[in-house]
Visitor: 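Let me give you the structure first, and then I'll get to my questions.
We count residues from 1, following the sequence as given. A quick note: this is a predicted structure, and the numbers were derived from the prediction, not measured.
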Amino acid sequence: YIGRVANTHGVTGTLKVLPTTDDMTRFELLKTVLIEDAKGVTQSYTVKGVKYMNRFVLLTLKEVTDMDGAMRLKLGIIKVPK
């Protein structure tokens, strides 16, 4: 558990993530993440890009291409694969 999706950012499906890890740069090392949505369903996603904005991580995923897809992940828990 390394973060929680706080909101969307923009219209291209970027996720605004509140990190729960002490080292935010850890997100740059990830190729895939697991996101457990608000309904408890966990799915794997491919990390396409990582940026930083204040205390948030802006995470772009290959499979999420619009704001509607990002909204479905709002409040989701971001986990790393074992």
Visitor: Are any non-hydrogen side-chain atoms of T25 and Y52 less than 4.5 angstrom apart?
Guide: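 Yes, their side chains come closer than 4.5 Å.
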Visitor: Do L61 and V50 sit in the same hydrophobic cluster, where Ile, Leu, Val, Met, Phe, Trp and Tyr count as joined when their side-chain heavy atoms come under 4.5 Å apart?
Guide: yes
Visitor: Answer yes if I35 and M24 sit in the same cluster of Ile, Leu, Val, Met, Phe, Trp and Tyr residues linked by side chain heavy atoms under 4.5 Å apart, and no otherwise.
Guide: yes
Visitor: Which pair of heavy atoms, one from V57 and one from P19, lies closest together, and at what distance?
Guide: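 For V57 and P19, the tightest heavy-atom pair comes out as CG2-CG, 4.1 Å.
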Visitor: Minimum heavy-atom separation for A70 to G13, with atom names?
Guide: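 Closest approach of A70 to G13: CB-O, 3.7 Å.
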Visitor: Any chance you could measure K74, atom NZ, to L15, atom CG, to the nearest 0.5 Å?
Guide: 11.5 Å
Visitor: Under the criterion side chain to side chain contact (heavy atoms under 4.5 Å, CB included), I'd like the reasoning laid out for F27 against V33: C-alpha separation, chi angles, the key distance, then a yes or no.
Guide: CA-CA 9 Å; F27 282 86; V33 292; 5.6 Å; no
Visitor: R4 side chain to L18 main-chain N or O, any donor-acceptor pair under 3.5 Å?
Guide: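 Such a contact is absent between R4 side chain and L18 backbone.
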Visitor: Just how far is it from atom CE of M71 to atom OG1 of T8, taken to the nearest 0.5 Å?
Guide: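 The OG1 atom of T8 is 6.0 Å from CE of M71, to the nearest 0.5 Å.
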Visitor: Flag yes if I2 and L34 sit in one hydrophobic cluster, no otherwise; membership is Ile, Leu, Val, Met, Phe, Trp, Tyr, and two members link when side-chain heavy atoms are under 4.5 Å apart.
Guide: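 No, it is not one cluster - the side chains of I2 and L34 are not joined through contacts under 4.5 Å.
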Visitor: Roughly how far, to the nearest 0.5 Å, is OG1 of T14 from NZ of K48?
Guide: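 One finds 9.0 Å between NZ of K48 and OG1 of T14.
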Visitor: Mind checking whether V80 and V47 sit in one hydrophobic cluster, side chains of I, L, V, M, F, W, Y counted as touching below 4.5 Å?
Guide: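 Shared cluster, yes.
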Visitor: Which value, rounded to the nearest 0.5 Å, describes the distance between M67 atom CE and N7 atom CG?
Guide: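 M67 CE to N7 CG: 9.0 Å, rounded to 0.5 Å.
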Visitor: Among V64, I78, V5, find the one that has a side chain to side chain contact (heavy atoms under 4.5 Å, CB included) with L59.
Guide: I78
Visitor: Measure from NZ or CZ of K16 to the centre of the six-membered ring of F56, then state whether that distance is under 6.0 Å and the direction lies within 45° of the axis.
Guide: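 Yes, K16 and F56 form such a contact.
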Visitor: Drop me the distance from K79's NZ to Y1's OH, to the nearest 0.5 angstrom.
Guide: 10.0 Å
Visitor: Once you round to the nearest 0.5 Å, how far does OG1 of T60 lie from NE2 of H9?
Guide: 9.0 Å
